[in-house]
Amino acid sequence: MESIHLYKIMKKRNNYIDWDTYFLAMVELNAMRSKDPNTQVGAVVVNDLKHIIASGYNGLPRGLNDDDFPWSREGKWEETKYPYVVHAEANAILSATFSVRGCTMYTSQFPCYECAKTIVQAGITKVIYSDNKYKDTIQNQVSKKILTTAKVDLVYKKAIKVIIE
C-alpha cells in the first residue's frame with residue numbers, strides 16, 4: 001500500500017531537455033573532434049525513432065594524417081585546408097551504415113552548397129542548425145535555394161554550449 005501512495009505523489013521531472021537541444025548538444029561534442037584551428041562543425045543524422053544513425057565532423061578523409069596537410073585559410077588554394085577537408089554534414093552521410101532517407105540532420109553550421117546537394121541527394125528531409133555565420137553570402141543563398149527547392153525543412157535553433165574541462 002505504501003508504494004502505491006508514493007507513486008501517486010511522485011511526478012516526473014519537468015526540466016529535462018527536448019530532443020532538439022539534446023541532438024544539438026551531441027553536434028557540439030562531435031565538433032570538438034575537429035582538428036581545424038578555425039572552424040569546428042559537427043553533425044548527426046537522426047531517424048524517426050530519435051536514434052542517431054550517423055555522425056560526423058569537419059576533418060580530413062580517413063587514412064590521411066592530420067599533420068601532413070595544411071590547415072590554413074589563406075594562401076594558394078592547394079596550400080589551404082579547403083581542397084582536403086570533408087565537411088561534417090558530408091562526413092555524417094558518408095559514415096551512415098543505414099539509409100538516411102527521410103531522416104533529420106542536426107548541424108552546428110548551416111550547410112554549404114556542396115553539403116546541401118549531398119543532403120538533398122541522400123534524401124534527408126529536415127535540417128536543424130544552430131548557427132549561420134555565412135548567411136549574407138551568395139554561397140549561402142545558393143545553399144538555401146537548393147534545400148528549399150528540394151523541400152528540405154530548415155529550422156534554426158540555438159544550441160546550448162557544451163563545456164568539457
Side-chain angles (χ1 to χ4, degrees), residues 18-48 50-62 64 66 69-162:
D18 61 53
W19 284 113
D20 289 347
T21 302
Y22 173 76
F23 292 125
L24 287 171
M26 297 293 289
V27 161
E28 293 297 320
L29 286 172
N30 284 342
M32 290 178 182
R33 289 285 307 139
S34 176
K35 314 300 187 308
D36 191 320
N38 297 301
T39 305
Q40 300 83 44
V41 179
V44 296
V45 180
V46 178
N47 68 15
D48 61 331
K50 304 294 187 199
H51 294 166
I52 296 172
I53 62 167
S55 66
Y57 55 88
N58 59 313
L60 295 179
R62 284 186 187 97
L64 300 186
D66 295 319
F69 289 85
W71 289 100
S72 177
R73 298 187 318 184
E74 310 262 332
K76 292 182 185 176
W77 181 73
E78 68 273 13
E79 295 173 1
T80 68
K81 65 182 179 176
Y82 299 112
Y84 308 106
V85 170
V86 180
H87 288 185
E89 300 89 343
N91 244 336
I93 291 168
L94 291 168
S95 70
T97 55
F98 299 101
S99 172
V100 297
R101 187 160 302 286
C103 289
T104 297
M105 174 174 280
Y106 290 83
T107 182
S108 55
Q109 202 49 253
F110 189 84
C112 74
Y113 63 91
E114 289 294 338
C115 289
K117 292 185 280 186
T118 304
I119 288 165
V120 169
Q121 196 68 7
I124 290 172
T125 56
K126 187 174 190 176
V127 174
I128 299 175
Y129 59 97
S130 58
D131 192 15
N132 191 358
K133 73 178 182 179
Y134 302 108
K135 67 181 174 186
D136 296 325
T137 66
I138 189 68
Q139 292 89 346
N140 189 269
Q141 292 170 20
V142 168
S143 178
K144 194 170 197 174
K145 182 177 182 176
I146 291 167
L147 294 166
T148 56
T149 302
K151 297 187 178 17
V152 175
D153 188 17
L154 302 173
V155 177
Y156 166 78
K157 181 158 185 182
K158 187 77 175 151
I160 60 170
K161 272 295 177 202
V162 176

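Since this is a predicted model, take the numbers as computed values, not measurements.
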Could you state the interatomic distance from CG (Asp20) to NZ (Lys50), rounded to the nearest 0.5 Å? 6.5 Å
Minimum-distance pair of heavy atoms, taken over all atoms of Ser130 and Lys158: CB-C, 4.5 Å
Close side-chain approach of Val27 to Ile128, heavy-atom, < 4.5 Å: no
Indicate yes or no: at least one non-hydrogen side-chain atom of Phe110 is less than 4.5 angstrom from one of Leu154. yes
May I ask you to decide if the ring planes of Tyr106 and Phe23 are parallel, tilted or perpendicular, using 30° and 60° as cut-offs? tilted
Run the numbers on Val120 and Leu147 for side chain to side chain contact (heavy atoms under 4.5 Å, CB included), then give the verdict. CA-CA 7 Å; Val120 169; Leu147 294 166; 4.0 Å; yes
Going from CZ on Phe98 to NE2 on His51, what distance comes out if it is rounded to the nearest 0.5 angstrom? 11.0 Å
Answer yes or no: does atom OH of Tyr156 have more than 12 heavy-atom neighbours from other residues, nucleotides or ligands under 6.0 Å? yes
Could you walk me through whether Glu28 and Ser108 satisfy the side chain to side chain contact (heavy atoms under 4.5 Å, CB included) test, starting with their C-alpha distance in whole Å, then the side-chain angles of each, then the deciding distance to 0.1 Å, before giving a yes or no? CA-CA 7 Å; Glu28 293 297 320; Ser108 55; 3.8 Å; yes
When rounded to the nearest 0.5 Å, the distance separating CD of Gln141 from CG of Asp136 is 8.0 Å
Which atom names give the shortest non-hydrogen contact between Ala54 and Ala92, and what distance separates them? CB-O, 3.2 Å
Residue pair Asn38, Lys81: steps toward the side chain to side chain contact (heavy atoms under 4.5 Å, CB included) verdict: CA-CA 11 Å; Asn38 297 301; Lys81 65 182 179 176; 4.3 Å; yes
Got Gln40 and Met32 here, is their nearest side-chain heavy-atom distance under 4.5 Å? no
Quick one: pull up CD1 in Ile119 and OG in Ser143 and give me the separation to the nearest 0.5 Å. 7.0 Å
Does any non-hydrogen side-chain atom of Ser55 lie less than 4.5 Å from one of Met26? no
Please check if the number of heavy atoms outside Lys157 that lie under 6.0 Å from its NZ is greater than 12. yes
Can you give the donor-acceptor pairs under 3.5 Å from side chains of residues 70-78 to other protein atoms, not counting sequence neighbours?
residue: Trp71; atom: NE1; partner: Asp66; partner atom: O; Å: 3.0
residue: Ser72; atom: OG; partner: Glu74; partner atom: N; Å: 3.1
residue: Ser72; atom: OG; partner: Glu74; partner atom: O; Å: 2.9

First locate atom CD of Gln109, then atom SG of Cys115, and finally report the distance between them rounded to the nearest 0.5 Å. 11.0 Å
Examine the side chains of Thr137 and Asn140 and answer whether a donor and an acceptor come within less than 3.5 Å of each other. no
Please give me the minimum heavy-atom distance between Ser34 and Thr39, naming the atom from each residue. OG-O, 3.8 Å
Drop me the distance from Glu89's CD to Glu114's CD, to the nearest 0.5 angstrom. 11.5 Å
What I'd like to find out is whether the side chain of Leu24 reaches to under 4.5 Å of the side chain of Ile160, using heavy atoms alone. no
Should Lys117 and Ile146 count as side-chain neighbours, where that means a heavy-atom distance under 4.5 Å? yes
Are Ser95 and Asn91 side-chain neighbours, meaning at least one heavy-atom pair lies under 4.5 Å? no
Between Asn30 and Ala43, which heavy-atom pair has the shortest distance, and what is it? ND2-O, 3.1 Å
Measure across Ala96 and Val100 and return the closest heavy-atom pair with its distance rounded to 0.1 Å. CB-CG1, 3.7 Å
Can you give me the closest heavy-atom contact between Ile124 and Cys103, atom names plus distance? CG2-O, 3.3 Å
Do other residues, nucleotides or ligands put more than 12 heavy atoms under 6.0 Å from Lys144 NZ? no
I'd like to know whether OH of Tyr22 has more than 12 heavy-atom contacts from other residues, nucleotides or ligands below 6.0 angstrom. no
Report yes if the side chains of Thr125 and Asp153 come closer than 4.5 Å at any heavy-atom pair, otherwise no. no
Do other residues, nucleotides or ligands put more than 12 heavy atoms under 6.0 Å from Tyr113 OH? no
